[in-house]
Participant: 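Before anything else, here's the structure in question.
By convention in this document, chain letters (A, B, ...) are assigned in the order of the sequence lines, proteins followed by strands, and residues within each chain are numbered from 1. What you see is a predicted model, and the numbers here were worked out from it, not measured in a lab.
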Protein chains: 2
Amino acid sequence: MGNTLKPAGETRAGDVLARMRSDIISCALKPGTKLRFETLRELYEVSFSTLREALSRLVAEGLVVAEGQRGFLVAPVSLFDLNDLTDVRVLVERQCIKLAIERGDDRWEADIMAAFHRMDRLQSRLGASYYLSDEWATLHSAFHLSLVAACGSPNLLEIRQKLFERAHRYRRMSSQFRPQWRAKDVEHKMIMDRVIARDTATAQDLVDRHIRETTENVIAHASHLFAQGGAGDPFKRSDPVAAE
Amino acid sequence: MGNTLKPAGETRAGDVLARMRSDIISCALKPGTKLRFETLRELYEVSFSTLREALSRLVAEGLVVAEGQRGFLVAPVSLFDLNDLTDVRVLVERQCIKLAIERGDDRWEADIMAAFHRMDRLQSRLGASYYLSDEWATLHSAFHLSLVAACGSPNLLEIRQKLFERAHRYRRMSSQFRPQWRAKDVEHKMIMDRVIARDTATAQDLVDRHIRETTENVIAHASHLFAQGGAGDPFKRSDPVAAE
DNA sequence: TTACTGCCGATTTTCGAAATAATCAAAACC
DNA sequence: GGTTTTGATTATTTCGAAAATCGGCAGTAA
């Protein structure tokens, strides 16, 4: 049919959703902040209903929490949540890796190498501080997804993706302090090698460590930003992202 | 403070959400059905915005799917989805059981026994077809939750609960055909015993089998109702629920 | 002083109309 | 005859005002 392209076919709510998600992950909207409709309406230039739509979806993603009839809140960060999130991610990611290695075909292997190559090339182009770039964050996310894309479980992949994005916010919080993630490059290559070699146990262990080390890094360098009880601390506006 | 009770403190959106969820699970709204706003507005007696709010949340729960700017759809059922859902549930539930047994205290054990007792008493009161009751479904859900409540992972519990509700719809589809779930009663007791005895491996295996057998039952008796490609088949309106 | 009750301003939630986008069918074109 | 274009119809998305709700404060009583 005539339906050739529709890249611009985006609803306003979808646009606001994306922008808010980005602002929350980058901590431009600080954890624990109360989200007042009037303020947001001016900031994003949309109406109440459209905001509500976006807020509802962000609640589903765990980036915003709803407080009964008392409005919305940027989801607080905490040491407890980070650790819990990490444990769940490890569980899910290990299973994804296992299934993908069982079920993946040649096409899957090729896609992994392509995703790695794209990420690797962009790193070279951007130089030392590649991890500060939003574009790199996208390719990094795509690389990790490609590793498990063949797992054959839409439900597991959906859960994995939501957890990945929640974790992204924590990574971003630490990357602005200690930009020394060089070891991660090597890890990505090792993981890819072991996955394509269908070495399930080693691949799982590598991914496990990859995730947990990042968490330890965040705790070491950014945990002073976490709320102890619940309310958020003041954050500097920034948009760097940590590697994983 | 004076805040003694607020059981009636429910927003209209929350009310509509609950009613729609119930209607979807009971297949009063058939899988694959297109959800037209005008129709729903009359059915639930609310406005567009309120509907949109509820729909958004149901999308998050996986009971409704959004089709870009072409509206909403009751999430279709399929053999593939049921099997996938079952596998993910087993993964999550096994981990929940393991953690709960590691971390649970006396209070946790007591809560399990209390939940079982309440479910058991209601079964006696309702007689042979207890599983047709919504009230029993609630207690059944609470019992399974109590088993893993002490796992200490809010993220895992949240995922578990969403998967449980999605599976609920499938259970309901089969229970209207073959009301012979008597073996499940015994299973519940066995699971409780092994969990409280802190016998992790056996408890995990029992829960695993508990879930998978229910799925097999659904496939055996209700898979003819599943859409092959995606669109839903006609369903009879009903509100029975299968045991698990 | 302490606890309860009733009001007021601020904020959220709901509403239905208006704008925008998709669908379908008939007409025009190749 | 088959394909594309056009236009009317239907459905969804967005808007801002109106209604409902919350939290605090003043006033009263114990």
Participant: Ring-plane angle category for A:H140 and A:W136, please: parallel below 30°, perpendicular beyond 60°, tilted otherwise.
Facilitator: parallel

Participant: Could you tell me how far apart A:F37 (CZ) and C:dT14 (C1') are, to the nearest whole angstrom?
Facilitator: 11 Å

Participant: Have a look at A:Y44 and tell me which of A:D15, A:D23, A:T50 forms a side chain to side chain donor-acceptor pair (under 3.5 Å) with it.
Facilitator: A:D23

Participant: Among B:Q161, B:K162, B:R21, find the one that has a side chain to side chain donor-acceptor pair (under 3.5 Å) with B:E61.
Facilitator: B:R21

Participant: Give the rounded distance in Å between these two atoms: CG of B:D15 and P of C:dT14.
Facilitator: 10 Å

Participant: How long is the line joining CD of A:E67 and C1' of D:dG23, in whole Å?
Facilitator: 14 Å

Participant: Ignoring the backbone of A:R70, work out which of C:dT11, D:dG23, C:dA22 is nearest its side chain.
Facilitator: D:dG23

Participant: Is B:R36 close enough to D:dT10 that one of its side-chain N or O atoms is under 4.0 Å from OP1 or OP2 there?
Facilitator: no

Participant: Check DNA chain D against residues 39-47 of chain B and give the residues with a non-hydrogen atom under 4.0 Å, in numerical order.
Facilitator: none

Participant: More than 12 non-hydrogen atoms from neighbouring residues, nucleotides or ligands closer than 6.0 Å to CZ on A:R19, yes or no?
Facilitator: yes

Participant: So B:L51, base contact, sugar-phosphate only, or nothing? Heavy-atom distance under 4.0 Å.
Facilitator: nothing

Participant: Would you kindly give the CD-to-P distance between B:E53 and C:dT12, to the nearest whole Å?
Facilitator: 13 Å

Participant: Mind calculating the distance between CG (A:L35) and C1' (C:dT11) to the nearest angstrom?
Facilitator: 13 Å

Participant: What pairs of residues pass the salt bridge (charged side-chain N to carboxylate O under 4.0 Å, His left out) test when at least one of them lies in residues 106-116 of chain A, not counting sequence neighbours?
Facilitator: A:R107-A:D111, A:E109-A:R198

Participant: Does A:R103 have more than 12 heavy atoms from other residues, nucleotides or ligands lying within 6.0 Å of its CZ?
Facilitator: yes

Participant: Please produce a list of atom pairs where a protein N or O lies less than 3.5 Å from an N or O of nucleotides 17-20 of chain D.
Facilitator:
none

Participant: Is there a side-chain hydrogen bond (donor to acceptor under 3.5 Å, both in side chains) between A:S56 and B:S56 once you walk through the steps?
Facilitator: CA-CA 6 Å; A:S56 284; B:S56 285; 5.2 Å; no

Participant: Just do the side-chain hydrogen bond (donor to acceptor under 3.5 Å, both in side chains) check on B:N217 and B:S174 with the steps written out, would you?
Facilitator: CA-CA 7 Å; B:N217 241 307; B:S174 78; over 6 Å; no

Participant: Closer than 4.0 Å, any side-chain N/O of B:K34 to the OP1 or OP2 of D:dT12?
Facilitator: yes

Participant: Can you tell me if B:T138 uses its side chain to pair, donor with acceptor, with the backbone of B:D134 under 3.5 Å?
Facilitator: yes

Participant: Can you tell me the distance, in whole Å, between the CG atom of A:L17 and the P atom of D:dT14?
Facilitator: 11 Å

Participant: Go through D:dT13, C:dT11, D:dC15 for me and flag the one nearest to the A:S49 side chain.
Facilitator: D:dC15

Participant: B:E38 has an atom CD; how far is it from atom P of D:dT10, in whole Å?
Facilitator: 12 Å

Participant: Counting side-chain heavy atoms from C-beta on, which of D:dT12, C:dT12, D:dC15 comes nearest to A:T50?
Facilitator: D:dC15

Participant: Would you kindly give the CZ-to-C1' distance between A:F72 and C:dT11, to the nearest whole Å?
Facilitator: 12 Å

Participant: Using a 4.0 Å heavy-atom cut-off across all strands, classify A:G14 as base, sugar-phosphate, or nothing.
Facilitator: nothing

Participant: Ignoring backbone atoms, establish whether A:Q69 has a side-chain N or O less than 4.0 Å from OP1 or OP2 of C:dT12.
Facilitator: no

Participant: Please test B:N155 against A:R166 for side-chain hydrogen bond (donor to acceptor under 3.5 Å, both in side chains), starting from the C-alpha separation and ending with a verdict.
Facilitator: CA-CA 11 Å; B:N155 286 301; A:R166 298 249 314 272; 2.8 Å; yes

